[in-house]
Amino acid sequence: METHAITLTVNDQTYRGEVEPRMLLSDYLRHELGLTGTHVGCEHGVCGACTVLLDGQPVRSCLMFAVQAEGYELSTVEGLASSAEDLHPLQQAFWEAHGLQCGFCTPGFLMTLVPFLAENPQPTEREIREAISGNLCRCTGYQNIVAAALLAAEGMPE
Amino acid sequence: MVLYNAYPSDPAMKPPPFEYIAAESVEHTLELMEEHGDGAKLLAGGQSLIPAMNFRVLQPTVLIDLNRIEDLEYIQHADDGALVVGAMTRQRDLEKSRDVERVAPLLYEAMPHIAHPQIRTRGTIGGSLAHADPAAELPAVSIAAGASMKASGPEGDRWIEAKDFFEGMFSTALGSDEMLVEVTFPAKTSRTGWRFEETSRRRGDYAMMGVAVEVELDDGGACKEARLVYLNAGDGPIEAEKAAAMLRGERPTPKLIAAAAAQAADHEIDPMGNVHASIDFQRHLARVQTERALVKAFDRAANSKA
């Protein structure tokens with residue numbers, strides 16, 4: 001099968017590679033670039049674990065081919081914190097409000113809520129629940145995830 | 001510094017192999033469709049096509065990607081006040097558009113019900129309409145709003161009324177050599193009312209039942225026009241024409257609204273039932289949604305400031 005040369009930016013780092021057209025963006029990030037923070041759950045657009053930002057907007061990376069990301073700027077969960085001691089405010093809020101248990105779904109929740117809170121810094125609880133309606137969590141429960149989002153919003157400039 | 005693939009590997013891939021071509025324009029797309037024939041599929045937002053490929057339900061040999069055709073992403077006004085939307089306009093852009101809210105309020109009201117925010121970032125209006133899933137919101141909305149579709153083909157352009165566009169399960173009036181390029185929503189009159197209702201088990205899931213309603217009142221307060229279109233109620237968007245006929249020419253009393261709702265729910269829709277909703281329950285939902293939607297739509301029509 002013919003491959004395509006692609007160039008894309010992930011977390012401000014430019015990458016070049018050759019991909020088969022059928023390689024999903026989620027698989028490209030994980031297997032080719034080694035960015036395994038983006039998790040893969042259902043691989044058909046239901047669970048939200050693979051959410052990444054495409055030019056700042058949240059998308060499901062399992063519902064895009066890597067070849068389609070040519071020229072785009074992507075952000076993944078690895079780009080949120082510079083170190084374990086310097087978490088992104090939303091990550092810190094998840095830590096403090098017990099917004100994760102096993103953590104499998106967490107990258108998807110974070111990458112969904114980061115652009116949401118940037119656009120809507122003072123959300124209501126209902127708006128947060130609407131924003132995360134496309135992300136499944138099977139252990140922590142949504143209560144503490146919503147609490148973490150509210151906590152993060154409190155610390156954000158209006 | 002540019003990094004190359006750090007971990008070259010050969011992971012198992014879910015979708016079947018295919019040839020990928022990024023189309024540069026509508027004309028280029030039509031040429032590619034002619035060249036590659038039935039094995040080719042058009043890739044719009046991909047939010048239905050790619051899952052189907054991940055499951056290997058669909059195995060196209062060629063994917064013609066429309067996402068680089070910037071000319072197909074626009075929200076504009078026609079001279080007569082109609083809203084004109086390019087087929088590759090993202091659902092997220094429609095959801096946030098003040099023009100959509102003002103000119104096509106039924107479309108605006110339905111947008112947040114379409115899947116989830118991450119899906120709407122990528123999903124397009126044209127992709128959803130051409131996919132023609134009977135459970136999707138946009139086909140029902142397009143009929144209720146009186147929209148029309150512009151198709152481009154080797155013979156040129158033609159317009160298809162939304163009510164003639166859908167021909168059953170995942171089937172449209174588009175020829176195999178045609179593509180959907182634009183959708184027009186006519187300007188509403190000052191006495192138009194609308195309402196979109198749907199019920200799903202979880203926000204953003206496929207609806208167990210849903211209805212898109214648009215009505216118009218005459219100067220005397222009687223119903224001049226009504227369109228009731230249901231989703232997940234048959235093998236395509238289902239228009240309840242007899243229920244609408246019961247309303248036309250009459251003042252919309254609670255008794256008449258209840259009778260029209262019963263007509264649509266008991267006799268005109270043809271739901272198939274599934275593990276989450278029996279046919280009886282789907283009919284029940286349709287009746288309740290129709291009553292609520294008509295009350296709201298007529299109220300909006302009576303109190304319209306436009």
Side-chain angles (χ1 to χ4, degrees), chain A residues 1-4 7 9-10 13-24 26-28 30-36 40 42-46 48 50-65 67-68 70-71 108 111-112 115-116 119 129-136, chain B residues 1-22 43-57 59-68 90-93 96 112-123 200 202-206:
Chain A
M1 186 53 61
E2 195 184 351
T3 60
H4 294 252
T7 303
T9 306
V10 186
Q13 173 66 55
T14 301
Y15 295 89
R16 281 187 196 143
E18 289 277 333
V19 290
E20 214 183 302
R22 63 174 169 152
M23 179 170 286
L24 297 170
S26 47
D27 286 338
Y28 184 74
R30 290 175 54 83
H31 298 291
E32 301 296 306
L33 304 187
L35 297 171
T36 52
V40 169
C42 70
E43 294 184 83
H44 61 280
V46 172
C50 70
T51 302
V52 300
L53 305 189
L54 182 77
D55 280 0
Q57 293 293 316
V59 299
R60 301 212 190 287
S61 59
C62 76
L63 296 189
M64 260 188 86
F65 297 110
V67 64
Q68 295 187 281
E70 154 71 25
M111 299 316 286
T112 300
F116 168 74
E119 209 169 272
R129 289 186 181 274
E130 172 81 33
I132 60 173
S133 64
N135 294 73
L136 293 179
Chain B
M1 185 182 72
V2 171
L3 291 187
Y4 290 83
N5 293 358
Y7 298 84
S9 62
D10 185 22
M13 288 189 245
K14 294 195 91 181
F18 57 87
E19 184 185 346
Y20 171 88
I21 310 169
L43 174 59
Q47 304 300 287
S48 299
L49 177 55
I50 296 179
M53 291 177 66
N54 284 351
F55 281 122
R56 302 208 175 193
V57 174
Q59 307 202 2
T61 54
V62 179
L63 271 194
I64 302 169
D65 188 357
L66 307 179
N67 285 279
R68 302 279 168 183
R90 309 288 165 179
Q91 290 158 3
R92 184 88 176 111
D93 293 326
K96 291 163 74 174
H113 292 280
I114 300 173
H116 305 290
Q118 300 100 323
I119 300 279
R120 299 196 292 273
T121 302
R122 201 70 192 148
S200 55
R202 191 176 65 118
R203 182 71 162 173
D205 282 357
Y206 279 113

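As the structure is a prediction and not an experimental result, all values here were calculated from the model.
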* Separation of B:K14 NZ from A:L24 CG (nearest 0.5 Å) -> 8.0 Å

* So which part of A:I132 gets closer than 4.5 Å to some heavy atom of chain B, the side chain, the backbone, both or neither? -> neither

* **Check: B:H116 and A:T112 side chains under 4.5 Å, non-hydrogen atoms** => no

* To do: Name the option with the most non-hydrogen atom pairs under 4.5 Å to chain A; the candidates are B:P17, B:A52, B:P112, B:P16.
  => B:P17

* Asked: Would you say the side-chain atoms of B:R122 pair up with the backbone N or O of A:V59, donor to acceptor, closer than 3.5 Å?
  -> no

* Structure fact -> Okay, B:L49 and chain A: the region with an atom under 4.5 Å from a heavy atom over there is neither

* **Option that, when pairs with chain A are counted at under 4.5 Å, heavy atom only, ranks first among B:A22, B:G45, B:G46, B:P117** => B:P117

* Asked: So, A:R60 side chain and B:Q47 main chain: donor-acceptor pair closer than 3.5 Å or not?
  -> no

* To do: Measure distances from A:T51 to the heavy atoms of chain B and classify the residue's part below 4.5 Å as side chain, backbone, both or neither.
  => side chain

* To do: Measure distances from A:M64 to the heavy atoms of chain B and classify the residue's part below 4.5 Å as side chain, backbone, both or neither.
  => both

* To do: Would you name the heavy atoms of B:R203 and A:E130 that are closest together and state the gap between them?
  => NE-OE1, 2.9 Å

* Asked: Pick from A:E2, A:H44, A:R129, A:R22: which one has the most heavy-atom pairs with chain B under 4.5 Å?
  -> A:R22

* Just by distance, do the side chain of B:T121 and the backbone of A:Q57 share a donor-acceptor pair under 3.5 Å? -> no

* To do: List in chain and number order the residues that pass ring-ring contact (aromatic ring centres under 6.0 Å, His included) with A:F116, two or more places apart in sequence or in another chain; answer none if no residue qualifies.
  => none

* Structure fact -> Cut-off 4.5 Å, heavy atoms of chain B, and the answer for A:L53 is neither

* Asked: chain A: which of B:N67, B:I119, B:D205 shares the most heavy-atom pairs with it under 4.5 Å?
  -> B:I119

* **side-chain contact (heavy atoms from CB on, under 4.5 Å) between A:N135 and B:Q118, intermediate numbers included** => CA-CA 9 Å; A:N135 294 73; B:Q118 300 100 323; 2.8 Å; yes

* Hey, is the main chain of A:E43 close enough, under 3.5 Å, to the side chain of B:N54 for a donor-acceptor pair? -> yes

* To do: Determine the interplanar angle of the B:Y20 and A:H4 rings, folded into 0 to 90°, and report it as parallel if under 30°, tilted if 30 to 60°, perpendicular if over 60°.
  => perpendicular

* To do: Flag the pair B:D65 / A:F65 as yes when at least one side-chain heavy-atom distance between them is below 4.5 Å, and no otherwise.
  => no

* Asked: Are the side chains of A:L63 and B:P51 in touch, meaning some heavy atoms are under 4.5 Å apart?
  -> yes

* Sidechain N-carboxylate O distance under 4.0 Å for A:E119, B:K96 -> yes

